[in-house]
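Structure first, commentary second.
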Protein chains: 2
Amino acid sequence: MQNRIKEFREKKGLSQGKLADLCNVSRQTINAIENNKYDPSLQLAFKLAKTLGVTVDNLFLNGEEN
Amino acid sequence: MQNRIKEFREKKGLSQGKLADLCNVSRQTINAIENNKYDPSLQLAFKLAKTLGVTVDNLFLNGEEN
DNA sequence: TGATGGTGTAAAATATGTTTTACATCATTT
DNA sequence: AAATGATGTAAAACATATTTTACACCATCA
């Protein structure tokens with residue numbers, strides 16, 4: 001599943017580490033998700049969306065992998 | 001995290017088993033999620049939303065557990 | 001009564017997400 | 001040249017999600 005975390009994060013002038021702090025996860029988690037190592041949990045997805053000021057549906061590109 | 005899966009599922013006249021089939025997961029998974037045993041993965045959340053014809057943001061009630 | 005469909009639940013196994021520690025690279029600053 | 005901040009990555013440990021198998025209860029229908 002694709003995501004636009006890096007895009008919105010940079011638009012807010014946040015580093016991976018700062019976003020991680022705001023979401024109470026490690027920097028590696030943010031990095032891994034941005035680089036598509038794995039998808040976040042639903043909880044973290046909502047936390048990320050809230051922190052970045054977008055909806056979950058807008059933050060994640062739901063391709064036809066379903 | 002709260003969800004409205006049961007509500008939308010019944011509105012569509014689907015059983016837990018049928019919804020499970022449509023989402024390619026087991027019936028127990030649907031049952032566990034409806035009864036808040038755990039949250040679905042992000043992928044499954046999108047699949048459920050798509051199948052039920054709603055957005056992820058509308059399907060899940062993001063309380064202040066963040 | 002016996003069969004069927006829908007739901008709730010439980011344990012064990014497997015898959016996936018997250019943390020911690022640690023190191024590497026690159027750019028910028030002192 | 002050394003220090004700093006941002007990013008990429010890796011392995012081990014731990015946490016959470018999902019499957020499989022199985023059984024139980026209840027309602028309805030043959």
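Every heavy atom of this structure was used, including side-chain atoms; hydrogens, water molecules and symmetry mates were not. Bear in mind that the values here come from a model prediction, so they are computed numbers and not experimental data.
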Side-chain touch C23(B)/L44(B), heavy atoms, less than 4.5 angstrom: yes
Does a distance-only test, which skips hydrogens and angles, find a donor-acceptor pair under 3.5 Å between the side chain of Q28(A) and the base of dT21(C)? yes
Round to a whole Å and report the spacing from CG of N31(A) to C1' of dA22(C). 15 Å
Side chains of N3(B) and L61(B): does their closest heavy-atom pair fall under 4.5 Å? no
Rounded to the Å, how far apart are L14(B) CG and dG6(C) P? 11 Å
Could you check how far CZ of R9(A) sits from C1' of dG5(D), rounded to whole Å? 13 Å
When you compare the side chain of L14(A) with that of L22(A), does any pair of heavy atoms fall below 4.5 Å? yes
To the nearest angstrom, the CD1-P distance between I30(A) and dT7(D) comes to 11 Å
Need one value for T29(B): base, sugar-phosphate or nothing, where a base atom within 4.0 Å counts as base even if backbone is also close, heavy atoms only. base
In whole Å, what is the span from the CD1 atom of I33(A) to the P atom of dT16(C)? 16 Å
Which residue lies toward the 5' end of DNA chain D, Q16(A) or Y38(B), if each is placed at its nearest nucleotide? Q16(A)
Could you tell me whether the phosphate oxygens of dT18(D), OP1 or OP2, come under 4.0 Å of any side-chain nitrogen or oxygen in S41(B)? yes
Please compare S15(B) and S26(A) by the position of their nearest nucleotide in DNA chain C and report the one closer to 5'. S15(B)
Length of the line joining L19(A):CG and dA6(D):P, which is rounded to integer Å: 13 Å
Quick one: does F46(A)'s side chain get under 4.5 Å of D57(B)'s, heavy atoms only? yes
Is there a side-chain contact between K37(B) and the phosphate of dT9(C), meaning an N or O under 4.0 Å from OP1 or OP2? yes
Between P of dG8(D) and CD1 of I5(A), the distance in whole Å: 13 Å
Distance, rounded to the nearest Å, where E34(B) contributes CD and dT18(D) contributes C1': 16 Å
Establish whether the base of dG8(C) is bridged to the side chain of R27(B) by a donor-acceptor pair shorter than 3.5 Å. yes
Is there side-chain contact between D39(B) and I33(B), with at least one heavy-atom pair below 4.5 Å? no
